[in-house]
Amino acid sequence: MAVNTSDIVFLAIISAGIVLCLLRMLKGPTASDRAVAVDTVSTITTALLVLLGSIFERYVYLDVALVYAVLTFIGSVAIARFLEKGI
Amino acid sequence: MIFVFFLILLMLVAAIAASVFRDLISAVIATTLVSLAASILFYLLAAPDVAMAEAAIGAALTTAIFIIAIRRTKRYEE
Amino acid sequence: MQIIGTVITGIGIIFLFIGSLGLFRLPDVYNRLQAGTKCTTLGAFFTIVGVGIMQPDWLLKTLVIALFILITNPISNHALGRASCKSGVPLCDRTVVDKTKNFEKCRPIHDELEGDGEIQ
Amino acid sequence: MRKIVSILLLAIVAVGIGLSLAKIPFGTPKTKIGRHYINEGVKETGATNTVTSVVVSYRGFDTLGEVTVLFIAAIGLGAVLSNIGKKTAGKIQPASMVLSTGCRVLFPLILVFGSYIFIHGHLTPGGGFQGGAIIASGFLLIYLGCRERRISQKASKVTESLGGLVFVVIGLLGLVFGGYFLLNFLPKGTSNTLFSAGIIPIIYIAIGFKVGSELAGIIDNLIEES
């Protein structure tokens, strides 16, 4: 495990992005805004997991990122189908 | 280490938001955010099995089951 | 190889940050969706492929992850946009053209609408 | 009042998690049995993933109990919901073309991915429970996207029962061959290859099918009958 300076900068920028999404989640006037914010956070999280896997230098950790890439959108689709009264 | 505390703070804020929101759908969305942060924490603690279970169950199945429950009751808390 | 991968990852992460900045600053749901979809899809793609270039053994699996991101992210954002259109979230007051007025399909459902547009 | 109490409780939990993270040194085995699992686990069971060797081999009987708990929960939910009776479907907004096409494209890929997770449970992170949850998410996607394709309750019940049966029969075979329940009677093979670790992959495949069909049945019950 080797943490470079670039990795720390990347993690800081990603943290700032997640904080912005969190503020939108707290503020957003309607439920749709909040759903969009959480969907964005889940995409950012997938990229973050791959980056952390490269920092830890563990190949098998990529499976978790694959689970994120495949599954997190189902929650957003469920919320969307509720909002349009489709479920 | 700072990153771990940042994640704990994120979980805390999202959980408080989930308990404060009057709109139950917004509360479910905040709960999803809690489970995302918890999964990254498990990942950082070198427990990929638990992180995978948290991701698979917390992200999709729990949200859907909460929503199916809300569909039969009221959406706004009084 | 290391330097190229780091540069590509940095570009992707800057895109991710711009996406969340747009999500925070833009005025209504539809504009926010645009920032949340395009910027983060491109940013996640660049980040993941950049990590794959940094460590060449991982390239295949990272490409699979990037492919799944490219498929799933637009689907969920499309569903969210359609849902907010159907549940009657208003456009912002600076909107110039609203083409959804002409389509019956895109109008909100008015029976037993619980008023998603209201601020709780 | 309720709000203040809930916020206070959450703050206490967060401080606890933070303190425990700050104090505990991670990665050093503390107990004797933990050191034994880490040092001898790969040699004794043949599974590269230590978590899998603990869950299925050393604590296999415990896993049988967990699976039984899930089974009882699914049966109880079906019994409760069958009293309510079928509601008419009402006016349900059909899914858009993008969503239904995406569901049809993604559903087989999700099934393949879940199978990959539980077949490779002894090599990579993951296992029967995680793979089953992924497969159930695929079925949930089908219910969200194209509602007209629903799974048959009977097939899910049969799959679930077969999964439980395979688990118990393999345990009893261990009793026949060596003298105790869930004995690893198959050859271990060389570790870090797919065909290794004896009965662990077979049990994990059974658990994967069982958990997947159970969760899919629960979702079907909740969506269609409530």
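All chains are named by letter (A, B, ...) in the order of the sequence lines, taking the proteins before the strands, and each is independently numbered beginning at 1.
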Side-chain donor-acceptor pairs of residues 8-19 of chain C under 3.5 Å, sequence neighbours excluded:
{"unit_1": "C/Thr9", "atom_1": "OG1", "unit_2": "C/Gly5", "atom_2": "O", "d": "2.7"}

Original post:
So which part of C/Leu70 gets closer than 4.5 Å to some heavy atom of chain A, the side chain, the backbone, both or neither?
Top reply: neither
Original post:
Any idea which of C/Val29, C/Leu80, C/Val51 has the most non-hydrogen atom pairs under 4.5 angstrom with chain A?
Top reply: C/Leu80
Original post:
Which of the residues A/Ser6, A/Ala65, A/Gly17, A/Gly75 is involved in the greatest number of heavy-atom pairs with chain C at under 4.5 angstrom?
Top reply: A/Gly17
**OP:** Give a yes or no answer on whether the side chain of A/Asp33 reaches the backbone of A/Thr30 with a donor-acceptor pair at less than 3.5 Å.
**Re:** yes
Subject >> Contact leader toward chain C among A/Arg58, A/Arg81, A/Lys27, where contacts are heavy-atom pairs under 4.5 Å >> reply: A/Arg58
**OP:** Could you point out which residue of C/Met54, C/Lys61, C/Gln55 forms a side-chain contact (heavy atoms from CB on, under 4.5 Å) with C/Trp58?
**Re:** C/Gln55
Subject >> C/Ser84 side-chain N/O to C/Gly81 backbone N/O, donor-acceptor pair under 3.5 Å >> reply: yes
Original post:
Taking every heavy-atom pair that is under 4.5 Å apart, which of C/Thr72, C/Leu67, C/Thr47 has the most such pairs with chain A?
Top reply: C/Thr72
**OP:** Among the options A/Ser42, A/Ser76, A/Ala69, pick out the one with the most heavy-atom pairs lying under 4.5 Å from chain C.
**Re:** A/Ala69
**OP:** Pick whichever of A/Leu62, A/Val19, A/Thr46 has the most heavy-atom pairs under 4.5 Å with chain C.
**Re:** A/Leu62
Original post:
So, A/Arg24 side chain and C/Phe24 main chain: donor-acceptor pair closer than 3.5 Å or not?
Top reply: yes
**OP:** I would like to know whether C/Val49 and C/Thr62 meet side-chain contact (heavy atoms from CB on, under 4.5 Å); could you show each step before the answer?
**Re:** CA-CA 6 Å; C/Val49 172; C/Thr62 49; 5.9 Å; no
